[in-house]
Engineer: 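Before we start, here is the structure in question, set down as structure tokens.
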Amino acid sequence: MAKNLLIVESPAKAKTIEGYLGKDFLVKSSYGHIRDLVKGDDAIDTENKFQQKYEVPSDKKAIVSELKKLAKAAEMVWLASDEDREGEAISWHLFETLGLKEDNTKRIVFHEITKPAILKAIDSPRKIDYNLVNAQQARRVLDRLVGFELSPVLWRKVKPSLSAGRVQSVAVRLVVDREREINKFNAEAAYKIVAIFYTGKGKEIFKAELSKRFEEKEEASKFLKDCLNASFAINSLEKKPAKRTPSAPFTTSTLQQEASRKLGFSVARTMQVAQRLYEAGRITYMRTDSVNLSDTAIQAAEQEILKAYGEKYHKLRKYKTKSAGAQEAHEAIRPTYFSEHTIEGDASEKRLYELIWKRAIASQMSEAEFEKTVAKVGISTRSEELIASGEVMKFDGFLKVYFESIDEDQETATDNDSDNTLLPPLEKGQQLTLNEMTATERFSRPPARYTEASLVKKLEELGIGRPSTYAPTISTIQNRGYVVKEEREGKIREFTVLTLNSGEIQEAIKTEVTGAERNKMFPTDIGVLVNDFLVEHFKGIIDFNFTAKVEKEFDEIAQGNKEWTDMLEGFYIPFHSEVQDTLENAERATHERELGVDTISGKPVSVRVGRFGPLVQIGTAEDEEKPRFASLRKGQMIETITFEEAMELFKLPKKVGEYEEKEMTVAIGRFGPYIRHNSAFYSLPKGIDPLDVTQKQAIDIINEKRQKDIEKIIRVFDENPEARIENGRWGPFVRFGKQNLKIPKGTDVSAITYEDVLKWAESDPKAKTGKSAKKTTTRKTTAKTAKKK
DNA sequence: CAGTGAGCGAGCTTCCGCTTGACTT
């Protein structure tokens with residue numbers, strides 16, 4: 001039996017460290033926290049100094065009993081959880097739960113998993129820092145109190161099963177606020193002038209732009225007219241050097257942002273893939289807020305840069321974290337071995353690894369150097385100058401390996417036509433020939449909707465949430481139905497272009513698509529409803545600065561300057577009375593709007609949230625005739641739907657005639673417009689207005705789909721025509737009546753027998769429940785309650 | 001992928017942060 005037991009948080013870490021320490025040390029992992037507050041409402045005694053009741057959750061029992069046994073047998077137990085609030089608390093929980101003794105327990109910390117760092121840590125052990133532990137307890141208790149007092153208020157005043165919390169409610173608020181900013185945004189049009197010149201020598205052309213825009217078409221038109229017979233010359237020519245420096249290596253949040261922009265990963269996917277890379281020993285820990293690289297890593301990066309690119313490309317850089325509330329228990333995310341430019345693995349692992357490798361290597365490379373040229377073009381008939389700018393890269397530096405992309409909302413407002421490319425050789429005073437000049441109507445853009453990753457970025461800036469919770473938080477607000485990640489079709493907008501060409505000015509109307517979105521965060525009606533309720537009654541809690549404020553107090557507790565129970569007292573007393581007050585006095589939250597009166601029936605038209613989601617209603621429950629209902633569609637919200645849009649909803653479903661003695665109905669479902677015929681669904685091709693579908697069109701669509709379905713069939717089983725192998729979206733699968741069966745990996749598709757199909761059908765888990773897995777939530781809860789009994 | 005939009009009313013829901021698998025899909 002080993003003399004020393006060393007406990008860290010993560011098993012992958014344990015494995016690495018064991019290799020450094022030799023056989024006197026047994027290194028084990030606690031798998032994160034081993035204790036938590038008990039589940040129900042009596043975990044915290046708010047009357048009695050916030051005394052807590054902890055328990056070991058069932059999935060941690062095995063690990064705790066194993067650690068207990070090992071601790072008993074060891075001469076010395078080293079608690080090596082992370083050096084932050086949570087890590088310190090983990091050590092304390094271990095100390096308490098494993099029944100450790102002061103004189104054979106040591107607390108050590110390190111920021112990087114390298115042999116010298118670990119040996120150094122072992123040489124300088126300390127004791128558990130109870131101030132830090134108390135700060136964590138205050139954090140934990142505050143979050144429980146906020147979550148478990150606010151949520152029941154929502155159950156009573158809004159809808160059961162809803163949730164609220166210090167982090168998630170602010171995340172939702174950001175999305176709701178942004179949506180409202182966009183809704184009230186008025187796009188302003190202005191004319192942008194772009195000229196294309198010949199240099200005169202040869203046929204070289206370049207582009208120049210007017211820095212100001214004209215609000216009125218008349219002004220723009222006047223400008224072009226003035227240019228009709230003007231002469232143009234280079235007034236000034238300025239060249240100056242410019243530099244670009246590399247970004248710091250990745251933290252959790254910057255990795256999520258770049259993987260989203262460059263690879264199109266959701267934040268959850270990024271974390272899954274990163275976890276695999278970490279477990280395979282390819283990268284350092286992926287949940288970190290630190291941009292710091294260890295000295296050994298800096299050296300290794302240097303060596304690799306010298307070897308692969310040469311000395312000119314290297315520059316030693318140290319990065320400092322500036323994000324609020326960073327606890328820096330780990331290094332930045334970097335490859336464990338810089339010499340491995342790529343790795344084996346699946347496509348997503350390879351791509352994410354390369355991103356991490358490039359970013360980390362680039363962070364230790366020299367600046368990219370440019371020469372920026374700005375030429376000002378004078379117009380003989382006007383005082384304004386047109387500006388042409390170009391950029392030449394003189395030295396690529398870090399750009400040799402890495403180019404950081406930027407978010408939509410940080411792009412220059414001048415669209416992308418002013419690309420910084422090379423200008424032809426120019427001289428001051430040089431006369432130019434105008435090839436073409438355009439005045440294009442451009443519109444100002446509303447603030448960008450959040451993507452998952454840009455929402456994480458915003459949360460991090462506000463100091464809300466931690467690297468380990470960013471991805472789960474983004475999932476939670478979507479799972480609760482507060483926010484959806486969706487595509488939205490844009491609208492077609494007209495704009496005017498005036499063109500001066502060959503001595504005349506022409507006007508044209510063009511169209512563009514505006515407001516189209518992909519994978520953006522939209523609030524739902526229930527998200528808006530809950531948010532507005534919380535903002536009205538608990539302004540302090542879902543204030544963007546609430547976390548920052550309490551974090552400051554947690555820091556004071558950690559430094560021993562404040563009693564944690566005092567801090568909680570100060571928070572809880574007013575908070576709890578707000579909760580009581582709201583429960584007693586607040587109206588039930590509703591979000592109902594009267595849109596107008598239906599001209600045909602004379603009944604009122606209103607929108608509200610119903611049991612199955614947002615709906616429009618014509619008439620009221622008191623009427624003799626039952627009200628008519630219609631669900632809102634994707635992209636429509638109670639807050640913004642118009643009377644006309646609402647009335648449109650009642651035009652569908654619409655019967656479009658019969659085919660094969662069965663009715664055909666056109667309607668709109670979750671996946672868009674479709675035709676329903678004989679209990680089958682046929683989606684409408686894009687571009688056909690569901691309101692205009694004719695009987696003939698519908699029949700064509702049905703037959704086309706049938707034809708395609710036949711083409712998908714690979715084989716029908718003789719024993720049963722209901723059983724067949726088909727080509728699906730992800731490859732072949734077996735259709736067996738209403739069951740869709742997965743073909744086990746490695747099966748030879750051509751050799752599948754009917755017996756195989758029967759066997760698979762039997763073991764198909766969906767067959768037993770009868771229905772397809774429609775309501776996973778209800779199934780989960782019933783499973784849980786069944787377990788309890 | 002539809003339509004549904006009522007009411008009965010026991011027992012349940014819920015937080016944030018630290019970690020992985022064991023589960024489906």
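Proteins get letters first, then strands, A, B, ... in listed order; numbering begins at 1 in each.
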Engineer: Assign each of G613(A) and R35(A) to its nearest nucleotide of DNA chain B by heavy atoms, then name whichever residue's nucleotide is nearer the 5' end.
Structural biologist: G613(A)

Engineer: Which whole number of Å gives the distance between the P atom of dG11(B) and that of dC15(B)?
Structural biologist: 23 Å

Engineer: Does dT13(B) have W155(A) stacked on its base, where the ring centres are within less than 5.5 Å and the planes differ by under 30°?
Structural biologist: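 So yes, this residue stacks on that base, both cut-offs being met.
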
Engineer: Can you check the H33(A) NE2 to dC15(B) C1' distance for me, whole Å?
Structural biologist: 14 Å

Engineer: Measure the distance from CD1 on I90(A) to P on dC16(B) and round it to the nearest whole Å.
Structural biologist: 18 Å

Engineer: For the pair made of CD in E663(A) and P in dG3(B), what is the distance, rounded to whole Å?
Structural biologist: 13 Å

Engineer: Considering only dG3(B), dT20(B), dC15(B), which nucleotide approaches the side chain of P653(A) most closely?
Structural biologist: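 It is dG3(B).
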
Engineer: Looking across every strand, which nucleic acid part, if any, lies under 4.0 Å from G165(A) by heavy atom: base, sugar-phosphate, or nothing?
Structural biologist: sugar-phosphate

Engineer: Between Q136(A) and dG17(B), is there a contact of a side-chain N or O with OP1 or OP2 at under 4.0 Å?
Structural biologist: no

Engineer: Toss me the dot-bracket line for DNA chain B: Watson-Crick and G-U wobble, both under 3.5 Å, 5' to 3', using | for pairs to another strand and [ ] for crossers.
Structural biologist: .........................

Engineer: For dC16(B) and T469(A) - does any side-chain N or O of the residue sit under 4.0 Å from the phosphate oxygens OP1/OP2?
Structural biologist: no

Engineer: Report the C-alpha distance between Y54(A) and T97(A) in whole Å, list the side-chain angles of each, state the deciding distance to 0.1 Å, and finish with yes or no for side-chain hydrogen bond (donor to acceptor under 3.5 Å, both in side chains).
Structural biologist: CA-CA 10 Å; Y54(A) 283 107; T97(A) 313; over 6 Å; no

Engineer: Please give, in whole Å, the distance from dT14(B) C1' to L37(A) CG?
Structural biologist: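 To the nearest whole Å, that distance equals 13 Å.
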
Engineer: Map A164(A) and M286(A) onto DNA chain B by nearest heavy atom, then report which one ends up closer to the 5' terminus.
Structural biologist: A164(A)

Engineer: Over all strands shown, is D82(A) touching base, sugar-phosphate only, or nothing at heavy-atom distances under 4.0 angstrom?
Structural biologist: sugar-phosphate

Engineer: Okay, side chain of D82(A), backbone of D84(A): is any donor-acceptor separation there less than 3.5 Å?
Structural biologist: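 No.
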
Engineer: Using OP1 and OP2 only, check whether a side-chain N or O of R166(A) sits under 4.0 Å from dG17(B).
Structural biologist: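 Answer yes for this pair, as a side-chain N or O of R166(A) is under 4.0 Å from OP1 or OP2.
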
Engineer: From the list dA2(B), dT19(B), dC15(B), which nucleotide is the closest neighbour of the side chain of R480(A)?
Structural biologist: dC15(B)

Engineer: What do the steps show when you test K15(A) against E18(A) for salt bridge (Lys or Arg N to Asp or Glu O under 4.0 Å), and what is the final call?
Structural biologist: CA-CA 5 Å; K15(A) 223 171 84 188; E18(A) 191 143 49; over 6 Å; no

Engineer: Picking from dT14(B), dC16(B), dC18(B), which would you name as closest to the side chain of R140(A)?
Structural biologist: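 Looking only at heavy atoms from C-beta outward on R140(A), the closest nucleotide is dC16(B).
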
Engineer: Just how far, in rounded Å, is C1' of dC15(B) from CZ of F538(A)?
Structural biologist: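 Whole-Å distance recorded here is 14 Å.
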
Engineer: So which nucleotide from dT13(B), dT4(B), dT20(B) ends up closest to the side chain of S631(A)?
Structural biologist: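 Closest nucleotide to the S631(A) side chain: dT4(B).
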
Engineer: Base, sugar-phosphate or nothing for Y285(A)? Non-hydrogen atoms, less than 4.0 Å.
Structural biologist: sugar-phosphate

Engineer: Could you work out which one of dC18(B), dT20(B), dC1(B) sits closest to the side chain of D84(A)?
Structural biologist: dC18(B)

Engineer: Under the 5.5 Å and 30° test, is Y31(A) stacked on the base of dT20(B)?
Structural biologist: no

Engineer: Side-chain N or O of Q617(A) less than 4.0 angstrom from OP1 or OP2 on dG5(B)?
Structural biologist: no

Engineer: For V146(A), which contact category applies under a 4.0 Å heavy-atom criterion: base, sugar-phosphate, or nothing?
Structural biologist: nothing

Engineer: For P627(A), is there any backbone N or O sitting under 3.5 Å from a side-chain donor or acceptor partner on K603(A)?
Structural biologist: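 Judged by distance alone, no pair lies under 3.5 Å.
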
Engineer: Check the phosphate of dT19(B) against R287(A), side-chain N and O only, distance under 4.0 Å to OP1 or OP2. Yes or no?
Structural biologist: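 Yes, because at least one side-chain N or O of R287(A) sits under 4.0 Å from OP1 or OP2 of dT19(B).
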
Engineer: If you measure from the C1' atom in dG9(B) to the same atom in dT13(B), how many Å do you get, rounded?
Structural biologist: 16 Å

Engineer: Is there a donor on the side chain of R139(A) or the base of dC16(B) sitting less than 3.5 Å from an acceptor on the other?
Structural biologist: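 Between dC16(B) and R139(A), which were checked side chain against base, a qualifying N/O pair under 3.5 Å is present.
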
Engineer: Below the 4.0 Å mark, does dC1(B) have OP1 or OP2 next to a side-chain nitrogen or oxygen of Y682(A)?
Structural biologist: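 It does not, given that no N or O in the side chain of Y682(A) lies less than 4.0 Å from OP1 or OP2 of dC1(B).
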
Engineer: Can a side chain N or O of S468(A) be found less than 4.0 Å away from OP1 or OP2 on dC18(B)?
Structural biologist: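 S468(A) to dC18(B) OP1/OP2: side-chain N or O found under 4.0 Å.
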
Engineer: Go through R608(A) and D525(A) one step at a time and tell me if the salt bridge (Lys or Arg N to Asp or Glu O under 4.0 Å) criterion holds.
Structural biologist: CA-CA 9 Å; R608(A) 63 183 170 90; D525(A) 284 297; over 6 Å; no

Engineer: Rounded to whole Å, please give me the gap between CZ in F629(A) and C1' in dG5(B).
Structural biologist: 5 Å

Engineer: Which nucleotide wins on minimum distance to the side chain of T476(A), given the candidates dT20(B), dT19(B), dC15(B)?
Structural biologist: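 Closest of the options to the side chain of T476(A): dC15(B).
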
Engineer: Contact class for L162(A) (heavy atom, under 4.0 Å): base, sugar-phosphate, or nothing?
Structural biologist: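 Since only primed, P, OP1 and OP2 atoms lie under 4.0 Å of L162(A), the category is sugar-phosphate.
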
Engineer: Between the main-chain N or O of A667(A) and the side-chain N or O of R676(A), is there a donor-acceptor pair closer than 3.5 Å?
Structural biologist: no

Engineer: At under 4.0 Å, does any side-chain N or O of S10(A) touch on OP1 or OP2 of dT20(B)?
Structural biologist: yes

Engineer: Does dC18(B) have OP1 or OP2 sitting under 4.0 Å from an N or O in the side chain of R466(A)?
Structural biologist: yes

Engineer: I need the Y572(A) OH to E149(A) CD distance, nearest 0.5 Å.
Structural biologist: 3.5 Å

Engineer: More than 12 heavy atoms of other residues, nucleotides or ligands under 6.0 Å from CD of E592(A): yes or no?
Structural biologist: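 Correct, the count exceeds 12.
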
Engineer: NA contact type, P472(A), heavy-atom cut-off 4.0 Å: base, sugar-phosphate, or nothing?
Structural biologist: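 Result for P472(A) = nothing.
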
Engineer: Over how many whole Å does the gap from K60(A) atom NZ to dC18(B) atom P extend?
Structural biologist: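 Result: 13 Å.
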
Engineer: Can you pull out every salt bridge (charged side-chain N to carboxylate O under 4.0 Å, His left out) where at least one residue sits in residues 128-145 of chain A? Sequence neighbours excluded, please.
Structural biologist: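 Qualifying pairs, neighbours excluded: D36(A)-R140(A), E86(A)-R139(A), R139(A)-D143(A), D143(A)-R166(A).
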
Engineer: How would you list, by chain and number, every residue that makes a ring-ring contact (aromatic ring centres under 6.0 Å, His included) with F95(A), sequence neighbours excluded?
Structural biologist: none

Engineer: Nearest-Å distance, CG (L741(A)) to P (dT24(B))?
Structural biologist: 16 Å

